[in-house]
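Below, read A as the first sequence line, B as the second, and so on, with proteins coming before strands; counting in each chain starts at 1. Nothing here was measured: the structure is a model prediction, and the numbers come from that model.
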Amino acid sequence: MTIDVDKVREDFPILDRTVRDQRRLVYLDSAATSQKPIEVLEAEAEYYRTCNAAVHRGAHQLAEEATDAYESARARLAAFVGATPDQLVFTKNATESLNLAAYAFTNSSVPHGQGDADPRFVVGPGDTIVVTQMEHHANLVPWQEVCARTGATLRWLGVDDDGRLELDDLDRVIDETTRVVSVVHQSNILGTLNPVRLLMDRAHEVGAIGIVDACQSVPHQHVDVHELGADLMAWSGHKMLGPTGIGMLWGRPDVLEGMPPFITGGSMIETVFMDHSTFAAPPKRFEAGTPMVAQAVGAAAGAAYLERLGMDDVAEHEHQLTGYALERLRAMPGVRIIGPSDNHERGSAISFVVDGIHAHDVGQFLDDRGVAVRVGHHCAWPTCRRFGVPATTRMSSYIYNDTADIDVALDAIRAAQDFFGA
Amino acid sequence: MTIDVDKVREDFPILDRTVRDQRRLVYLDSAATSQKPIEVLEAEAEYYRTCNAAVHRGAHQLAEEATDAYESARARLAAFVGATPDQLVFTKNATESLNLAAYAFTNSSVPHGQGDADPRFVVGPGDTIVVTQMEHHANLVPWQEVCARTGATLRWLGVDDDGRLELDDLDRVIDETTRVVSVVHQSNILGTLNPVRLLMDRAHEVGAIGIVDACQSVPHQHVDVHELGADLMAWSGHKMLGPTGIGMLWGRPDVLEGMPPFITGGSMIETVFMDHSTFAAPPKRFEAGTPMVAQAVGAAAGAAYLERLGMDDVAEHEHQLTGYALERLRAMPGVRIIGPSDNHERGSAISFVVDGIHAHDVGQFLDDRGVAVRVGHHCAWPTCRRFGVPATTRMSSYIYNDTADIDVALDAIRAAQDFFGA
Amino acid sequence: MNVESMYQEIILDHYRNPRGRGLIEAPEGESHQVNPTCGDEVTVQVAMDREGHLHLGYEGQGCSISQASASVMAELAEGFDLATAEAARAAFMEMMRSKGDAEPDEDILGDAVAFVGVAKYPARIKCALLPWMALQDALVKSGAMKEGEK
Amino acid sequence: MNVESMYQEIILDHYRNPRGRGLIEAPEGESHQVNPTCGDEVTVQVAMDREGHLHLGYEGQGCSISQASASVMAELAEGFDLATAEAARAAFMEMMRSKGDAEPDEDILGDAVAFVGVAKYPARIKCALLPWMALQDALVKSGAMKEGEK
Ligand SMILES: Cc1ncc(COP(=O)(O)O)c(C=O)c1O
Ligand SMILES: Cc1ncc(COP(=O)(O)O)c(C=O)c1O
């Protein structure tokens, strides 16, 4: 193994706890949220204990130090994806990041007194917005809303039986009418790693803005915004060892520059009069109100932890574990993998269904054995429908998991099969 | 004193630090953000160390415990203002809360395919939205945006020389055209405590939705949503001993029910198809994505701390300190208080200007003596203009301050006067 | 308590062999309930006969708990008068809120007492309640019960 | 270092007695800069004479640092050719990024070296830079300098 899991585990106190009847906790739900190493908690606490203050505003030493902590966190997280600090907007989660992107279109398209909207963000009847059939609700519902409000039409790339995007249709689905292509980098339900570069290039060919939901890729592999070729990219801190309550939106400078404000208020303004206001340049324009300072600091500490492990080693570790799990799952009678069943261009999230046993019941057995997995539609309900299943069980591993964890999970599945006679 | 400040200070490790040349930190910037007691940091860390997981989704023990922690925090924070949990929406800060309220109007007023908007939230030309001349930008700019997008007109209640609302005009400013009355409970720049009940009653008389920005009141006095008579109320966790990254929006159930979604994505849906979705009931409808779980838990711990002190004692303590500070400031030649100069219906934020010395320069002297205050327009730029000053110096005290802190601040002001020969 | 004891034999039996599953002919009220976290679905239909007896139809898909709960409920409440149905629903709700410590009344709940162990698992409580929520909603829609009557 | 030493005598002098304050007659470029955190404002106007010498006008309101900086700058850059003005601006920027450790070149910066202590206070750096940013912007607007030329 490329990662010393036992050593990593020492940094995650929660993994020492037991669940149910004194079972060792086997946490295989990192696609939902990752656990946090002590140094992330310590970075947050340290911030509060030593320099907590309002950033960008005060003229006292604490405020200087707090601002420095916040902006250093921005720089570190930007560098983590090959970007510069001025290109990184902090939000509360990836969902807000994606909504920020989506509202840029709605707000540019709805009449506005001061209306000199950037034409790249104006959409209306006849225009199309393209997503895929494997989007998380966070990258689907906001675009449905944009369409409902502007008259644009939503289109999507389908998914084949193996959980891969249907790309034969690419040039028909993304065509001259397309103004936005917003796609998930790695599916949180299927595990599929999508050929994002191809999709972004096609987006740019037709003059559309290209957006990537990188929630499930940034924590798990080396991602470089320039290699992806996207205009905007969204992800969350809590899935990459960071605290809850912090999300990121990276944007190409000229794209961010063209986006109108989303949430408005303090700190995002240039001047304010009773009857009108003007706005600051990005990223500030998109960070109204007191920001998530401690959370940014914590997320940066999480990124530092990952960098120390090395993102290539993280990816290789997960790849090995995923290969192990896929092989054994494929060998289990009555188990069907939903998503790519070979360990190629896919991540560590593995969804499956067990014949004759509902995912909720499978999950109950796993839980009873100490295994934390997620069951349900994983906020990708249309993807479940595509595969004709109401729900799946999903196990997803990370840097603190090893093959022994997978074994416990597989035993629990077998126990469920025995119990339900399936 | 009603509060044992020395004892309270023991819970706030940051107050032990020194700044600049070994000066004791005198933190008089709590109106910007409060410091955090150890137990708030501990509550957050404890959450991460013991039960961190995705809430409302997982079917494993950790997820159950995390959900319980999150929902218990909601219940505690709702109770803190006399409300029930189903009436409390978590956001990242008060600014988002106020935007959530404002977007309810924009989103109800902009055409939407599924459009059966609640008429209470539909505004357009001829309608008016009323704020005051002492709003924080967070309760001004969002309404400017609503007006710009819907054609409604913004009106405001003026402020008199003593920093009180001009209420003679009340029935003319808030009239039959008024659809929203959104006002600050306690001004963060002037310290003024506004007669919110009167304004809310007038709002309801004309059929408008009444909104209160309670950022500066909930942390400092007992606030009961029913006594205020509001429909919606916004405040932040970080100003009441809680972490950064958590805000609250309380709403009357029937009002929340009528509000369309703002940020959309996972966890706020009922069903999702590729081409349309339906939404959950409040408060979930407004909490898309992975929520700020640890921050909610931390904010609840902050509320618990305040409850233990007793909000009436907190208010009394601040009242005494404010009285002390006002008296001495009034006696200082060359110092002009911006806002009510008598200690009546006002809070602990005190703004002032020093003749011949710009606020930035005053602040620099305070900083040099270890005093953290805020200088500038305090995100209430139009209020500064009303008083013909580019900026003020603001000191704001809280549970960990005493008269000695005020004395250090006053000495530093005198030093600035000496230095600048003013 | 372990998972096997949550899945009482009665629950498994109703799950495998649902009783009276199917829709009825002239429903006076119908409700479709979904658990948005997992996609479980239940449709419940109601009609009252001239003697004031309740007749039920139902359909659904989902986990053992939600589907068995629908079957148990349909069997139990079939022929009940409104007051008895309401009493059963209230008793079931209370049992599910008990965290598994209740000693439910078998006279009122019949086979439904088997669900007491489910109350220990917050994530599954919704599953067990789903058909009962649909029943109440269907009764309201049929006009037999007023909204807010609980 | 304490605050008194940040406020060098030169700074206070320029603050109290601003040099050459006022607007000029036929500005070829003008820029109004605001520090949104505190509301400090500076307007700078530029014109080039036939010999390629810079003439400056300015106005403003704000703290001692921003206003003294404007006065020092106006006095210093008056009559400079474009290259020298640009060199001074670059030197000033660098000094302000130095965290107060720089040993600025008095030949280039003249009285402006007095601002080196301000670089220790991040919140005040913006104040000191404000007029220099306005100068650059005004030059761009006048056509004398191209955008992005720094
Ligand atoms: C009166 C008032 N309203 C709104 C806000 C905005 O709160 P936040 O920055 O937490 O969003 C503040 C504080 O900054 C405030 O004092
Ligand atoms: C692919 C994908 N997109 C978006 C999200 C939403 O992220 P968050 O809940 O942090 O807003 C998630 C995770 O829940 C995800 O896996």
Candidate pair A:M292 and B:Q295, rule side chain to side chain contact (heavy atoms under 4.5 Å, CB included), full reasoning | CA-CA 10 Å; A:M292 297 65 66; B:Q295 291 73 36; over 6 Å; no
Can you tell which part of [X] gets under 4.5 Å to a heavy atom of chain A, answering side chain, backbone, both or neither?
{"X": "B:S34", "result": "backbone"}
{"X": "B:T132", "result": "backbone"}
{"X": "B:N107", "result": "both"}
{"X": "B:P142", "result": "both"}
{"X": "B:F262", "result": "both"}
{"X": "B:E64", "result": "side chain"}
{"X": "B:V131", "result": "side chain"}
{"X": "B:L100", "result": "neither"}
{"X": "B:C51", "result": "both"}

Would you name the heavy atoms of [X] and [Y] that are closest together and state the gap between them?
{"X": "B:P291", "Y": "A:T244", "result": "O-CB, 3.7 Å"}
{"X": "B:V141", "Y": "A:S277", "result": "CG2-OG, 3.8 Å"}
{"X": "B:A32", "Y": "A:A54", "result": "CB-CB, 3.7 Å"}
{"X": "B:F273", "Y": "A:P382", "result": "C-CG, 3.9 Å"}
{"X": "A:R49", "Y": "B:P13", "result": "CG-CG, 3.8 Å"}

Taking every non-hydrogen pair under 4.5 Å, which of [options] racks up the most with chain A?
{"options": "B:L15, B:L41, B:V371, B:T106", "result": "B:L41"}
{"options": "B:I38, B:I269, B:L154, B:V40", "result": "B:I269"}
{"options": "B:N139, B:L140, B:T50, B:I246", "result": "B:T50"}
{"options": "B:T150, B:T153, B:T95", "result": "B:T95"}
{"options": "B:G376, B:A45, B:P111, B:A102", "result": "B:P111"}
{"options": "B:G245, B:A138, B:A372, B:C379", "result": "B:A372"}

Ionic contact status for B:K36 with A:E44, cut-off 4.0 Å =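 No salt bridge links A:E44 with B:K36.
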Checking [X] against chain B: side chain, backbone, both or neither under 4.5 Å from a heavy atom?
{"X": "A:S30", "result": "neither"}
{"X": "A:R385", "result": "side chain"}
{"X": "A:E65", "result": "side chain"}
{"X": "A:P243", "result": "both"}

Residue pair A:V375 / B:H60, side-chain heavy-atom distance below 4.5 Å | no
Under 4.5 Å between any side-chain heavy atoms of B:I14 and A:L62, yes or no?
-> yes
Options [options], ranked by heavy-atom pairs under 4.5 Å with chain B, top entry:
{"options": "A:V373, A:V293, A:D367, A:D29", "answer": "A:D367"}
{"options": "A:A380, A:G247, A:G266", "answer": "A:G266"}
{"options": "A:Y27, A:Y103, A:F12, A:Y47", "answer": "A:Y103"}

Calculate, to the nearest 0.5 Å, the distance between atoms CE and CD belonging to A:M274 and B:Q133 respectively.
->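 Result: 6.0 Å between the selected atoms.
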What do the steps show when you test B:Q61 against A:R17 for side chain to side chain contact (heavy atoms under 4.5 Å, CB included), and what is the final call?
-> CA-CA 11 Å; B:Q61 188 179 345; A:R17 72 165 276 183; 3.4 Å; yes
Only one of A:L98, A:T91, A:N99 forms a side-chain contact (heavy atoms from CB on, under 4.5 Å) with B:I263, so which one is it?
->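 Among A:L98, A:T91, A:N99, the one meeting side-chain contact (heavy atoms from CB on, under 4.5 Å) with B:I263 is A:N99.
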Residues in ring pair (Phe, Tyr, Trp, His ring centres under 6.0 Å) with A:W235, at least two apart?
-> none
A:W381: what forms a ring pair (Phe, Tyr, Trp, His ring centres under 6.0 Å) with it, not counting sequence neighbours?
-> A:H377
Going by atom types only, do A:Q35 and B:N52 share a side-chain donor-acceptor pair under 3.5 Å?
->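 The criterion, which ignores hydrogens and geometry beyond distance, is satisfied for B:N52 and A:Q35.
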Between A:E145 and B:T264, does any side-chain donor sit less than 3.5 Å from a side-chain acceptor?
->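 On atom types as modelled, these side chains do not qualify, holding no pair under 3.5 Å.
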